[in-house]
Structure formats: structure tokens, C-alpha cells
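None of these values were measured; they are calculated from a predicted model.
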Amino acid sequence: MPALKCTAVKCVYNKEQLCSKGDIQVQGDHAQSMDETACGSFRERSDSNFANDTGCGCSTIEVGCTACTCKFNEDKCCHAGAIDITGASACTSKETCCSTFQCK
């Protein structure tokens with residue numbers, strides 16, 4: 001499982017730049033650059049779900065990935081040693097990206 005750093009601080013799963021979801025899905029079926037990827041697991045934090053305890057953040061996480069053009073993608077799973085999900089001001093999944101993406 002890759003080590004994960006996530007700057008999408010508006011995501012309900014973000015806990016101190018780690019993810020509390022347990023697994024995430026990176027999207028980008030035909031991506032040619034990192035800007036064409038997104039964290040499909042992103043859910044915007046709101047007043048109604050802010051109080052929900054989504055657990056503690058994990059430094060390693062299972063990452064499913066549909067960006068089959070990425071050199072770290074093996075059978076739709078990420079095999080990078082570490083990944084970064086960016087989107088400090090993201091309010092939707094499409095405003096995030098996997099900055100670790102590298103086209104084959």
C-alpha cells in the first residue's frame with residue numbers, strides 16, 4: 001500500500017493531511033497528465049457531516065486507480081511507494097488530482 005499525503009483539507013476523510021477512509025479510488029481513465037486525474041473518493045466536508053467521526057488518518061492506504069496510462073498502475077491498483085493527492089481548495093472530486101501520476 002502506498003504512503004499517502006492529501007492536501008484536500010475540505011474532504012470529510014482528511015485528517016491532518018492523511019486519509020481516514022481506508023481506501024481511495026483515483027480516476028482518470030484516459031489521463032495523459034496529473035490534471036486529468038481526480039480522487040473519486042473525495043466528499044466535501046459540510047456542517048452536517050463535520051461532526052461525523054470518520055476515524056483516524058492513515059499514512060498508508062489501498063489505492064484503486066483507473067488511470068491505466070500511469071506507470072504506477074498495475075491491474076487498476078496503485079503501486080507507487082507514495083502518492084500525493086492535491087486540492088487544497090477543492091470542493092468537488094474534479095478539483096483534486098493525483099500529483100504522483102506519471103504517464104507510461
Side-chain angles (χ1 to χ4, degrees):
M1 291 190 290
L4 173 78
K5 179 181 174 196
C6 179
T7 62
V9 294
K10 292 183 181 180
C11 180
V12 69
Y13 301 115
N14 191 298
K15 301 286 185 178
E16 299 176 2
Q17 296 195 1
L18 300 175
C19 186
S20 65
K21 186 172 183 303
D23 63 343
I24 63 169
Q25 182 69 37
V26 173
Q27 300 171 329
D29 293 11
H30 304 288
Q32 296 298 309
S33 70
M34 70 179 200
D35 293 331
E36 295 174 328
T37 65
C39 179
S41 302
F42 177 93
R43 298 293 174 265
E44 185 180 16
R45 186 182 312 265
S46 68
D47 291 339
S48 63
N49 65 22
F50 183 73
N52 292 344
D53 184 9
T54 56
C56 62
C58 298
S59 60
T60 58
I61 192 167
E62 190 169 319
V63 180
C65 183
T66 64
C68 295
T69 56
C70 180
K71 76 176 198 174
F72 300 113
N73 187 311
E74 294 178 23
D75 297 322
K76 296 192 176 186
C77 290
C78 180
H79 289 276
I83 69 167
D84 291 318
I85 300 295
T86 60
S89 59
C91 294
T92 68
S93 174
K94 292 181 181 182
E95 295 172 331
T96 65
C97 72
C98 177
S99 64
T100 306
F101 175 90
Q102 291 182 24
C103 201
K104 291 180 183 178

Looking at [Y], is its backbone amide N or carbonyl O close enough to the side chain of [X] to form a donor-acceptor pair, meaning the two atoms are under 3.5 Å apart?
| X | Y | result |
| --- | --- | --- |
| Asn14 | Cys6 | yes |
| Thr69 | Cys103 | no |
| Asp84 | Ser99 | no |

TODO: Mind running side-chain contact (heavy atoms from CB on, under 4.5 Å) on Leu18 and Cys58 for me, showing each step along the way?
DONE: CA-CA 6 Å; Leu18 300 175; Cys58 298; 5.8 Å; no
Closest approach of [X] and [Y], non-hydrogen atoms and distance?
| X | Y | value |
| --- | --- | --- |
| Lys5 | Gln17 | CE-OE1, 3.1 Å |
| Ser41 | Lys21 | CB-CD, 3.8 Å |
| Tyr13 | Arg43 | CE1-CG, 3.9 Å |
| His79 | Glu74 | CD2-CB, 3.2 Å |
| Ala90 | Phe42 | O-CZ, 3.4 Å |
| Cys98 | Thr37 | N-OG1, 2.9 Å |

Enter the distance from [X]:[atom1] to [Y]:[atom2] here, rounded to the nearest 0.5 Å.
| X | Y | atom1 | atom2 | result |
| --- | --- | --- | --- | --- |
| Met34 | Ile85 | CE | CD1 | 11.0 Å |
| Asp23 | Ile61 | CG | CD1 | 6.5 Å |
| Glu44 | Ser93 | CD | OG | 12.0 Å |
| Thr96 | Ile24 | OG1 | CD1 | 8.5 Å |
| Cys68 | Asp75 | SG | CG | 9.0 Å |
| Met1 | Ser59 | CE | OG | 9.0 Å |

Open item on the list: Would you say that Cys91 contacts Lys10 through its side chain, given a criterion of any heavy-atom pair below 4.5 Å between the two side chains?
Closed with: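 Heavy-atom side-chain distance check passes, below 4.5 Å.
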TODO: Taking the side chain as every heavy atom from C-beta outward, state whether Cys78 and Val26 have any atom pair closer than 4.5 Å.
DONE: no
Task: Within 6.0 angstrom of Glu62 CD, more than 12 heavy atoms from elsewhere - done: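 For Glu62, atom CD is not crowded (no more than 12 foreign heavy atoms under 6.0 Å).
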